[in-house]
Amino acid sequence: MGRFYLTTPIYYVNDAPHVGHAYCTVNADALARWHRLSGDSTKFLTGTDEHGQKVADAAVKNGVDPQTWTDQTSRRFREAWDALDISYDDFIRTTEPRHTETVQKFLTAIYENGYLYKDVYSGLYCVSCEDYFTLEASDEGQCPIHHRPLTEMSEENWFFRLSAFEDRLLEYYEEHPGFVTPETKRNEAVSFVKGGLRDISITRTSIDWGIPVPWDPGHVFYVWYDALINYLTAIGYGRDDDQVEEWWPASHHLIGKEIIRFHCVWWPAMCMAAGLDPVSHVQVHGWLLVGGQKLSKTMAAEGGVRLTDIAPVVLTDEFGVDPLRYYLVRETALGNDGEFSHEGITARYNTDLANNLGNLVARVSTVVGAKCDAQSLIPGRDTELRTEAERAIDLARRAWERFAPSQALEATWGLIGATNAYLERHAPWKMESGKELDAVMADALESIRLVSILISPVMPSVAQEIWRRLTLEGSPTDSPQDESLVWGLYRARGPLSKGEPLFPRIRSDE
RNA sequence: GGGGCCGUAGCUCAGUGGUCAGAGCAGGGGACUCAUAAUCCCUGGGUCGUGGGUUCGAUCCCCACCGGCCCUACCA
């Protein structure tokens, strides 16, 4: 039994929660649930990022103060996650006092270690981006994104000596080959460091919606610099050091590929500067694409897919919570991009859920209910399905351990398929009632019991419902998986009945 | 401009320096009838983006190009 500390990024409150956020959060939730099921002491953290100029502006526009504004917008994320059955242990907001305290302690440590210095930051500013570019980063003096002329501006800032960490970061990568997975993403981070690091400006004087710099009033920390530290806030850095000892650095961040730089370069350097070991593992995931394009507000503005059409709640209304969770976890391997489409989710629903899993439960329930004696339903010791089950369990366990939840599901569906095939071979519907029939069906029931445990991190409600239909007591997650994912434990507590279809087929004939 | 990723069957995606390159779905044929017209078995189909190079041999390594995309100081 180990410890498992897993985080999602904290989401920027100005966004409305959409499928992209849900993709990351649901996958993280499944991982957290698997580790709880494995008996690990688990802490699963998500939250919202609430500082910065854009938030302050949005508050003004809506006629409220920033805190009131973020209270409202942060709540949308919490509601979305509750609706998706996300089992977060902590929901952090960067406007909480505990975060201010940790950020100030952490950055003071960096300051005292000599990695911060004050300088005038002058650069080329793009009004549209609200951001600075260096001459090299610009397109011959034009904004590379908006293709508009950049204007020269300057501001006095505190700088973080990121450039001092090139060698140490490369060394860290060298010594911790599993620091960033998958490997292609690790290579990206390494080549970025090898390309040379500049110091970064980490404070602003032009805005005040942020965390004050304790040793220099009038400055607030730049949002990204404050946001990353949330991972430490939640485990009590600077407030409860024993807790930090427990959870850090053996921790995992699940992030999207666009923020590799912050998590795999800035963040470990910040930790080193503060005298703390960097997080041990960053798992990078790709994006869900719609028609080959990233899910973004820009697309909505351009008349592409409207984000509101693919808000999580729209999909849960149509498909249900667990089927959406299944799709988000199953469809693409973490680390790769994947295509998101209505046709795709419908196909997954009908084939994997309705035809394979739902129908299996239905056909077994019917035969058992009609022809079997509950008391003699005891799985065989050495039977063909046992081999299949043990193989699937082994594959699934290893997949979860390497952050490959989609493969864990793939292995599980291998067992579902094997069970359907097994039924075809034995054709229990042709058999007379008796011991032989009971033996065949007990193996099928045992297989379904194991499936319900295997799917529980992804479809907790469905797993519970299957468990109930099998007449089992409690829930599939009551025992650690190394005790429950063992062939032969099924015992019926009474007669089985068929029940309504778990996943009514979806017709798309209009 | 600089850095990086991707381009494999109709579709969505796996995959490896070397026996006939894989899965699911879709398509075709058959079986079965317990089941949500579900299930099971068999099956067709790919110049592994293009052009070079390294190699005894490359889809997988290197280079160029074409196409798609990302990062370049606050969109998972």
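Chain A is the first sequence line, chain B the second, and so forth, proteins listed ahead of strands; every chain is numbered from 1. Keep in mind that this is a model prediction, so the values were computed, not measured. Both backbone and side-chain heavy atoms feed into the values below; hydrogens, waters and symmetry mates do not.
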_Those residues that, when tested against A/Thr102, pass side chain to side chain contact (heavy atoms under 4.5 Å, CB included) (two or more places apart)_ = A/Ile229, A/Leu232, A/Thr233, A/Tyr237, A/Arg239
*When rounded to the nearest Å, what value does the distance between C1' atoms of B/rG51 and B/rG15 take?*
25 Å
*What residues, two or more places apart in sequence or in another chain, satisfy side chain to side chain contact (heavy atoms under 4.5 Å, CB included) together with A/Arg348?*
A/Tyr326, A/Tyr327, A/Arg330, A/Glu331, A/Asp352
*Take atom C1' in B/rC71 and the same atom in B/rG52, then report the distance between them in whole Å.*
30 Å
*A/Arg469/A/Glu500 salt bridge by N-O under 4.0 Å criterion*: no
Protein-nucleotides 13-15 of chain B N/O pairs under 3.5 Å:
{"residue": "B/rC13", "atom": "OP1", "partner": "A/Glu339", "partner atom": "N", "Å": "2.7"}
{"residue": "B/rA14", "atom": "OP1", "partner": "A/Asn336", "partner atom": "ND2", "Å": "2.0"}

*Atom C1', compared across B/rG27 and B/rU33: separation rounded to whole Å*: 24 Å
*Rounding to a whole Å, what distance do you find between A/Leu334:CG and B/rA76:C1'?*
11 Å
Determine all donor-acceptor pairs shorter than 3.5 Å in which one atom belongs to a side chain in residues 23-30 of chain A; sequence neighbours excluded.
{"residue": "A/Tyr23", "atom": "OH", "partner": "A/Thr332", "partner atom": "OG1", "Å": "3.0"}
{"residue": "A/Thr25", "atom": "OG1", "partner": "A/Tyr11", "partner atom": "OH", "Å": "2.5"}
{"residue": "A/Thr25", "atom": "OG1", "partner": "A/His21", "partner atom": "O", "Å": "2.8"}
{"residue": "A/Asn27", "atom": "ND2", "partner": "A/Tyr23", "partner atom": "O", "Å": "2.9"}
{"residue": "A/Asn27", "atom": "ND2", "partner": "A/Leu328", "partner atom": "O", "Å": "3.3"}
{"residue": "A/Asp29", "atom": "OD1", "partner": "A/Ser87", "partner atom": "N", "Å": "2.6"}
{"residue": "A/Asp29", "atom": "OD1", "partner": "A/Ser87", "partner atom": "OG", "Å": "2.6"}
{"residue": "A/Asp29", "atom": "OD2", "partner": "A/Arg33", "partner atom": "NE", "Å": "2.9"}
{"residue": "A/Asp29", "atom": "OD2", "partner": "A/Arg325", "partner atom": "NH1", "Å": "2.9"}
{"residue": "A/Asp29", "atom": "OD2", "partner": "A/Arg325", "partner atom": "NH2", "Å": "2.7"}

_List the residues meeting side chain to side chain contact (heavy atoms under 4.5 Å, CB included) with A/Pro17, not counting sequence neighbours, and say none if there are none._
A/Arg76, A/Phe77, A/Ala80
*asked:* Expressed as a whole number of angstroms, how long is the span from A/Met441:CE to B/rA35:C1'?
replied: 10 Å
*Determine the Euclidean distance between corresponding C1' atoms of B/rA26 and B/rA64; express it in Å to zero decimal places.*
38 Å
*Who pairs with A/Tyr422 by ring-ring contact (aromatic ring centres under 6.0 Å, His included), at least two apart in sequence or on another chain?*
A/His426
*Find which nucleotide of RNA chain B each of A/Val364 and A/Arg261 is nearest to by heavy atoms, and output the residue with the more 5' nucleotide.*
A/Val364
Is there any protein nitrogen or oxygen under 3.5 Å from a nitrogen or oxygen in nucleotides 37-42 of chain B, and what are the pairs?
{"residue": "B/rA38", "atom": "OP1", "partner": "A/Arg505", "partner atom": "NE", "Å": "3.4"}
{"residue": "B/rA38", "atom": "OP1", "partner": "A/Arg505", "partner atom": "NH2", "Å": "3.2"}
{"residue": "B/rA38", "atom": "O5'", "partner": "A/Arg505", "partner atom": "NH1", "Å": "3.4"}
{"residue": "B/rA38", "atom": "O2'", "partner": "A/Asn355", "partner atom": "O", "Å": "3.2"}
{"residue": "B/rA38", "atom": "O2'", "partner": "A/Asn359", "partner atom": "ND2", "Å": "2.9"}
{"residue": "B/rU39", "atom": "OP1", "partner": "A/Asn356", "partner atom": "OD1", "Å": "3.2"}
{"residue": "B/rU39", "atom": "O2'", "partner": "A/Arg363", "partner atom": "NH1", "Å": "3.0"}
{"residue": "B/rU39", "atom": "O2'", "partner": "A/Glu424", "partner atom": "OE2", "Å": "3.0"}
{"residue": "B/rU39", "atom": "O2", "partner": "A/Glu424", "partner atom": "OE2", "Å": "3.1"}

*Quick one: A/Lys257 NZ to B/rC75 P, roughly how many Å, whole number?*
15 Å
_Work out how far the P atom of B/rA9 is from that of B/rC65, and round it to whole angstrom._
25 Å
*Using both pair distances under 3.5 Å as the test, note the stems of at least 3 consecutive Watson-Crick or G-U pairs that include RNA chain B.*
B:1-7 with B:66-72, B:10-13 with B:22-25, B:27-31 with B:39-43, B:49-53 with B:61-65
*Sort and list the pairs that fulfil side-chain hydrogen bond (donor to acceptor under 3.5 Å, both in side chains) and have at least one residue in residues 427-439 of chain A, not counting sequence neighbours.*
A/Ser376-A/Asp438
*asked:* Measure CD/A/Gln283 against P/B/rA76 and give the value in whole Å, please.
replied: 16 Å
*Decide, yes or no, whether a salt bridge links A/Glu166 with A/Lys194 under the criterion of side-chain N to carboxylate O below 4.0 Å.*
no
*Sequence neighbours excluded, which residues qualify as side-chain hydrogen bond (donor to acceptor under 3.5 Å, both in side chains) partners of A/Glu446?*
A/Arg449
_Rounded distance in Å - CG (A/Leu502) to P (B/rU36)_ = 12 Å
*asked:* If I pick the C1' atom on B/rU16 and the same atom on B/rG22, what distance separates them, to the nearest angstrom?
replied: 11 Å
*For B/rA14 versus B/rU19, give the span between their P atoms, rounded off to a whole number of Å.*
22 Å
_Qualifying residues under side chain to side chain contact (heavy atoms under 4.5 Å, CB included), relative to A/Asn187, sequence neighbours excluded_ = A/Glu183
*Without hydrogens or angle criteria, can the side chains of A/Arg505 and A/Asn355 be said to hold a donor-acceptor pair below 3.5 Å?*
yes
Which pairs would a plain distance check flag for residues 260-271 of chain A, meaning a side-chain donor or acceptor within less than 3.5 Å of a matching protein atom at least two apart in sequence or in another chain?
{"residue": "A/His263", "atom": "ND1", "partner": "A/Ile259", "partner atom": "O", "Å": "3.2"}
{"residue": "A/His263", "atom": "NE2", "partner": "A/Tyr231", "partner atom": "OH", "Å": "2.7"}
{"residue": "A/Trp267", "atom": "NE1", "partner": "A/His253", "partner atom": "NE2", "Å": "3.1"}

*Hey, does the side chain of A/Lys371 come within less than 4.0 Å of B/rC34's phosphate (OP1/OP2), counting only N and O?*
no
*Take A/Arg348 and A/Pro501, find for each the nucleotide of RNA chain B with the closest heavy atom, and name the residue whose nucleotide sits nearer the 5' end.*
A/Arg348
*Quantified in whole Å, what is the P atom distance between nucleotide B/rG2 and nucleotide B/rG57?*
35 Å
